[in-house]
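Notes follow once the structure below has been shown.
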Amino acid sequence: MSLFKARDWWASVLGEGEEFDQGCLCVGDVDNSGSGYDKIVVGSFMGMLRIFSPHPAKPDEQTEADAQLLEVQLPDPIIQVEMGKFVSCSELLHLAVLHPRKLSVYAVSGTAGNVEHGDQYQLRLVYEHNLQRTACNMTYGPFGGVTGHHFICIQSMDGMLMFFEQETYAFGRFLPGFLLPGPLSYCIRTDSFITVSSIRQVECYRYETLAVATDADTRQDSDQQSKSSGKRLTADWTLVLGEEALDICVPNTSSAMSSIFVLGERNLFCVKDNGQIRFMKKLEFNPCCFLPYGSVSEGSTNILMCNHNNMLLVYQDVTLKWVAQLSCVPVAVRVANFPELKGLVVTLSSDGHLQCSYMGTDPSFFTAPKVDAREVNYDEVDTEMKMLQKVIREASKTQDILPRAETEEELTLTAIVSSHLDEVSCAVIPEMNGMPVPSVTVKVKIKNRGAVHSPKMTVCVQPPLGVTQDQFVLDSMGSGCELVVRFSAFLNGHYPPADLCGDIAVSYSSATGIPRVSQCKFNLPLRLVCYPSSAIKNAKYKITVDTNKPPVNLSEVFPDFSEKSENNDSSALGFQLITGSRVIVLASKTSQRYRIQSESFEDIWLVAKELVQRFDRHFASLGVKDFRNSFTGPIPLPEFFETVDHHFELRVNAQKYQDLLSERAVQFRAIQRRLLTRFKDKTPGPLQNLDTLMEGTYRQVIALADAAEDNRERLIQAFTRLRSATHLLILLLSLWQGLSSEQTAILEATLLPLLQDTPQLGWEESVDAAVSHLLKTCLSRSPKDQAISLSTGPLTIPKDTSRLKKHITLLCDRLGKGGRLSLSSEANVPTTVMMPVGCESIPEPIVEQEEEPPLQQESAKYIKKKQPSKKIKSKSEADLLRHVPQSPALLCLRYSTCTIPPNNIEIFRLRKPLNRNSEEGYLIQLKGFKHRL
């Protein structure tokens with residue numbers, strides 16, 4: 001199928017700055033000339049009404065001035081225009097114009113001119129209706145089976161259908177369950193109205209049902225009267241669409257069966273007049289308007305459909321027949337007949353481009369110019385041919401299935417953080433806790449190799465950090481240009497941050513129009529969030545970092561803090577966080593250890609991270625390649641769990657506040673309804689203290705809302721502190737086990753899956769699911785224990801944190817026993833630990849019933865299964881089996897030249913000797929035999 005451009009037959013641009021919508025266009029013989037040709041009527045939101053009679057232009061005349069028959073400025077915006085037999089004493093076509101608060105019916109007449117200026121057209125008002133409600137759209141037709149006349153139905157913004165029998169207002173009905181107005185159309189065959197409600201379903205109401213329903217002036221009266229009288233308005237049938245509808249059209253193509261076409265956001269629906277779907281067409285584009293019309297094939301309908309890609313598509317039912325390209329995105333499309341050509345497509349865009357076009361292919365009469373003949377140099381051609389063949393061979397050797405990414409980006413970003421703080425701080429909060437809040441300047445250099453169009457730069461830092469400007473709209477850059485952008489970062493919250501990193505992203509379009517994004521990161525200095533302070537010897541929380549090199553002078557590692565420190569001791573350094581506690585770093589004078597201590601556990605994180613990074617840079621600058629940091633002390637899980645419990649408690653409080661607020665809001669609305677009923681009652685009566693109850697409920701709602709907002713602020717701070725504590729735990733685990741960067745990244749993705757808490761998904765359930773996955777895969781105790789299929793239900797907030805604490809403790813224990821973190825299936829088998837004779841495995845501190853049942857029961861079952869016919873005769877052996885340890889070690893024995901697999905061996909360590917002369921030994925059970933080692 002070829003793609004052609006729609007051929008312009010006539011076009012015009014209407015006004016400047018005017019807006020149009022799908023109801024602003026209609027075609028027909030509005031002046032009742034009887035020629036059979038149509039005129040175009042266009043109304044705008046500016047109140048301008050225009051009538052055109054297009055015809056093709058001759059080479060020496062102006063088309064637009066002759067084509068425009070009438071232009072009238074009306075006082076109100078025009079929502080919709082329609083042509084029909086709207087006057088009771090006449091069967092001629094009249095023009096109905098819908099305004100927000102008025103419906104006007106006009107008669108258009110033309111007078112033949114006697115001079116060269118041509119015919120004259122006039123617009124005469126026949127009648128008008130002032131509307132009590134704001135109108136949205138309208139439809140017309142022979143309601144109730146009337147012949148020779150058309151009635152009008154107007155849908156208001158609040159869901160009322162107002163019916164006008166020409167010059168008379170008939171009645172009004174409210175649609176049930178109405179929220180927002182949708183498209184409205186009339187089906188002549190079934191005498192019913194079709195609309196799409198806000199719950200995304202097609203609803204059909206018969207005119208007879210609407211006429212006999214109870215009349216009402218307000219929606220509340222309609223609900224009350226429908227309940228009392230029993231004449232409740234119900235839909236004849238409904239059909240769920242599942243998406244918003246853009247337009248509805250019911251073409252009159254067959255008297256046997258009417259088809260209702262509904263244009264959705266992603267689908268086209270064709271429904272029978274009884275509510276059954278004929279067909280549905282899934283669209284691969286965003287449609288903007290459509291028009292069904294009769295087809296030459298019986299039983300089918302042609303559909304004109306326009307989309308936001310300036311395309312006009314012609315369908316015959318669900319089959320695409322033709323595609324043409326338009327010059328603009330239309331909001332309305334019609335088919336009209338004009339003197340020299342019938343079946344022209346009339347389109348109107350939102351900015352006033354009115355176009356009459358037809359679909360076809362004009363032949364091209366272009367003839368290529370004659371090329372001057374020249375002699376061919378066969379030697380040069382042969383040399384060029386060999387060179388091209390060589391290029392083709394080289395390209396075919398290195399060609400990949402997927403195209404290789406460019407080694408060098410079109411635009412590169414470089415972020416440079418100033419080494420000095422700003423002399424004049426740009427912080428929003430100038431002072432916190434009696435200390436000035438500093439700021440630091442970040443300079444971003446943008447270099448490009450090619451042309452860059454519409455670049456936009458975005459800066460992102462994690463709260464409570466802030467920047468002076470986070471969005472930059474840059475000018476387009478030519479090839480080889482360089483641009484520098486500056487902004488300042490500062491502390492913008494009353495709690496310490498969990499991360500001093502920031503991200504910069506620049507989105508732009510390349511020279512070929514391809515959207516691209518370039519990114520870079522930057523690290524803010526520690527000096528931005530803390531000041532030098534005096535060192536204290538005692539603190540509540542302490543961690544110790546070991547190194548394999550002699551202790552260094554802390555003043556050399558932290559020169560920016562030692563200059564302004566109040567203590568001259570080089571083995572102790574103090575850091576006073578602006579919005580936190582004091583953190584002290586102590587260097588041992590006799591060993592290679594450094595202690596970090598503070599009164600707040602999570603505040604240690606930033607200083608500990610800075611200490612480890614500066615140690616690596618310091619020894620790397622000295623040329624030391626084997627330097628290593630380590631951590632030997634116990635993992636501070638109880639301190640970490642305190643932070644977890646505090647965060648979880650605030651989450652539970654937030655849910656309680658939400659439930660209480662919902663209950664009080666329901667109570668408040670119920671009291672309001674009671675009061676309104678009392679106030680509207682014609683017979684005055686006592687309020688029965690409802691006003692006092694309403695005031696008390698209002699105060700409770702306000703108090704609960706304030707408490708929920710305060711809890712939300714404290715929850716944000718608690719989550720930031722939890723992230724700091726989790727970062728510190730990950731750092732200690734990596735130093736404890738010497739994890740690689742890949743394993744540290746897996747651990748960080750497990751314990752820090754979220755950047756922020758949401759009511760739907762929180763940190764506790766996310767981390768519990770991730771840790772459980774590791775315990776069942778790469779950290780399982782044996783290949784048999786690995787889960788074959790991992791299926792988890794929906795993540796919901798847990799009842800408590802006991803399960804999460806057990807899983808995190810078990811994770812640390814498995815890592816301490818040599819477990820490896822890996823995402824590959826080959827690495828999911830744990831390393832076999834060879835234990836010497838006389839050693840006993842360490843029992844795991846947390847044993848869950850679903851993961852490890854008691855081994856006493858396993859051993860009893862094992863003996864019963866393996867030896868059903870034998871009884872334990874020796875008292876020492878029975879005593880031996882009663883003292884089986886919980887975690888027996890597996891030992892691979894080599895007997896003679898045969899290697900016994902570990903799966904066939906059970907080794908039980910004896911806690912008591914077999915007899916007085918024997919020493920501590922082991923019972924080995926191998927394939928039903930017992931041996932003593």
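Just so you know, these numbers use all the heavy atoms, side chains as well, and skip hydrogens, waters and symmetry mates. Counting from 1, the numbers follow the sequence of the chain as shown.
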Pair listing, salt bridge (Lys or Arg N to Asp or Glu O under 4.0 Å) test, anchored in residues 594-605, at least two apart: Glu602-Arg721, Asp603-Arg721
State, to 0.1 Å, how close Leu731 and Lys609 come at their nearest heavy-atom pair, and which atoms those are. CD2-N, 4.1 Å
Could you list all the side chain to side chain donor-acceptor pair (under 3.5 Å) pairs where at least one residue sits in residues 477-502, not counting sequence neighbours? Asp422-Ser488
Going from SG on Cys812 to NE2 on His807, what distance comes out if it is rounded to the nearest 0.5 angstrom? 13.0 Å
Nearest 0.5 Å, please: how far is CG in Asp813 from CG in Leu815? 9.0 Å
Return yes if some donor-acceptor pair links the side-chain N/O of Arg814 with the main-chain N/O of Leu779 below 3.5 Å, else return no. yes
Is the closest side-chain donor-acceptor distance between Asn629 and Asn548 under 3.5 Å? no
So do Met435 and Gln576 actually touch side chain to side chain, heavy atoms under 4.5 Å? yes
Between Lys521 and Ala415, which heavy-atom pair has the shortest distance, and what is it? O-CB, 4.2 Å
Taking all atoms of both residues into account, what is the closest heavy-atom pair of Asn448 and Cys481, and its distance? OD1-O, 2.7 Å
Passes side chain to side chain contact (heavy atoms under 4.5 Å, CB included), Thr632 versus Trp736? Steps please. CA-CA 6 Å; Thr632 58; Trp736 180 40; 5.9 Å; no
Residue pair Asn523 / Val417: nearest heavy atoms and the distance that separates them: O-CG2, 3.5 Å
Donor-acceptor under 3.5 Å (Ser439 side chain, Ala427 main chain): no
Please tell me if the side chains of Cys778 and Leu821 come closer than 4.5 Å, counting only heavy atoms from C-beta onward. yes
Considering only distance and modelled atom types, tabulate donor-acceptor pairs under 3.5 Å from the side chains of residues 640-647, sequence neighbours left out.
{"residue": "Glu642", "atom": "OE1", "partner": "Tyr541", "partner atom": "OH", "Å": "3.3"}
{"residue": "Asp645", "atom": "OD1", "partner": "Thr801", "partner atom": "OG1", "Å": "2.8"}
{"residue": "Asp645", "atom": "OD1", "partner": "Lys805", "partner atom": "NZ", "Å": "3.1"}
{"residue": "Asp645", "atom": "OD2", "partner": "Lys805", "partner atom": "NZ", "Å": "2.7"}
{"residue": "His647", "atom": "ND1", "partner": "Glu764", "partner atom": "OE2", "Å": "2.7"}
{"residue": "His647", "atom": "NE2", "partner": "Asp757", "partner atom": "OD2", "Å": "2.3"}

Looking at Glu713, I want to see if its CD is surrounded by more than 12 non-hydrogen atoms of other residues, nucleotides or ligands under 6.0 Å. yes
Indicate the ring-plane relationship of Tyr594 and Phe615, choosing parallel, tilted or perpendicular according to the 30° and 60° boundaries. tilted
Rounded to the nearest 0.5 Å, what separates atom CD1 in Ile446 from atom CG in Leu474? 5.0 Å
Apply side chain to side chain contact (heavy atoms under 4.5 Å, CB included) to the pair Asp626 and Lys549, showing each step before the final yes or no. CA-CA 9 Å; Asp626 58 345; Lys549 297 298 177 183; 3.1 Å; yes
Which pair of heavy atoms, one from Thr579 and one from Met432, lies closest together, and at what distance? CG2-SD, 3.4 Å
Thr547 side chain to Gln592 main-chain N or O, any donor-acceptor pair under 3.5 Å? yes
Atom OG of Ser740 and atom CZ of Arg820: how far apart are they, to the nearest 0.5 Å? 10.0 Å
Hey, what do you get for OG (Ser734) to CD (Gln743), rounding to the nearest 0.5 Å? 10.0 Å
Give the ring-plane orientation class for Phe668 versus Tyr698, where under 30° counts as parallel, over 60° as perpendicular and anything between as tilted. tilted
Any donor-acceptor pair under 3.5 Å from Ser476 side chain to Ser454 backbone: yes
Is there a side-chain contact between Leu637 and Thr809, using heavy atoms and a 4.5 Å cut-off? yes
Any sub-3.5 Å donor-acceptor pair from Arg614's side-chain atoms to Val557's backbone N or O? yes
Thr726 and Trp605, any side-chain heavy atoms less than 4.5 Å apart: no
With side chains defined as the heavy atoms from C-beta onward, is the minimum distance between Phe575 and Tyr531 less than 4.5 Å? no
Answer yes or no: is there a side-chain heavy-atom contact under 4.5 Å between Val517 and Gln519? yes
Counterpart residues, side-chain hydrogen bond (donor to acceptor under 3.5 Å, both in side chains), relative to Thr758 (two or more places apart): none
Expected output: side-chain Ser510 to main-chain Ile514 donor-acceptor under 3.5 Å: yes
Kindly list each side-chain donor-acceptor pair under 3.5 angstrom involving residues 701-711, sequence neighbours excluded, with atom names and distances?
{"residue": "Glu709", "atom": "OE1", "partner": "Arg712", "partner atom": "NE", "Å": "3.4"}
{"residue": "Glu709", "atom": "OE2", "partner": "Arg712", "partner atom": "NE", "Å": "3.4"}
{"residue": "Glu709", "atom": "OE2", "partner": "Arg712", "partner atom": "NH2", "Å": "2.6"}
{"residue": "Asp710", "atom": "OD2", "partner": "Arg714", "partner atom": "NE", "Å": "3.2"}
{"residue": "Asn711", "atom": "ND2", "partner": "Leu650", "partner atom": "O", "Å": "3.2"}

Assess the side chains of Thr544 and Arg593: does a donor N or O sit below 3.5 Å from an acceptor N or O? no
Test your reading of the model: is there a side-chain donor-acceptor pair from Ser621 to the backbone of His618, 3.5 Å cut-off? yes
Leu622 and Phe627, any side-chain heavy atoms less than 4.5 Å apart: no
Gln469 (side chain) donor-acceptor with Gln471 (main chain) under 3.5 angstrom: yes
Kindly write out the residues that satisfy side chain to side chain contact (heavy atoms under 4.5 Å, CB included) with Pro753, not counting sequence neighbours, or none if the list is empty. Trp763, Ser766, Val767
Give a yes or no answer on whether the side chain of Thr720 reaches the backbone of Ile716 with a donor-acceptor pair at less than 3.5 Å. yes
Indicate the ring-plane relationship of Phe472 and Phe487, choosing parallel, tilted or perpendicular according to the 30° and 60° boundaries. tilted
Verdict with supporting geometry, Leu526 and Leu606, side chain to side chain contact (heavy atoms under 4.5 Å, CB included): CA-CA 8 Å; Leu526 182 64; Leu606 290 178; 4.0 Å; yes
I would like to know whether Asp546 and Arg628 meet salt bridge (Lys or Arg N to Asp or Glu O under 4.0 Å); could you show each step before the answer? CA-CA 8 Å; Asp546 297 343; Arg628 185 171 60 88; over 6 Å; no
Mark yes when over 12 heavy atoms from residues, nucleotides or ligands other than His308 sit less than 6.0 Å from its NE2; otherwise mark no. yes
Are Thr697 and Gln667 linked by a side-chain donor-acceptor pair shorter than 3.5 Å? yes
What closest approach, in Å, do His727 and Ala498 show between heavy atoms, and which atom pair accounts for it? CD2-O, 3.8 Å
CD1 of Ile416 to OG1 of Thr441: how many Å apart, nearest 0.5 Å? 12.5 Å
Quick check: do Thr458 and Ile504 have side-chain heavy atoms less than 4.5 Å from each other? no
Evaluate the side chain to side chain contact (heavy atoms under 4.5 Å, CB included) criterion for residues Ile584 and Arg582: first the C-alpha distance (whole Å), next the side-chain angles of each, then the deciding distance (0.1 Å), finally the verdict. CA-CA 7 Å; Ile584 309 301; Arg582 183 179 301 178; 3.6 Å; yes
So if I apply the side-chain contact (heavy atoms from CB on, under 4.5 Å) rule between Leu732 and each of Ile604, Val545, Ile543, which one comes out positive? Ile543
Is a donor on one side and an acceptor on the other found under 3.5 Å between the side chain of Tyr508 and the backbone of Met477? no
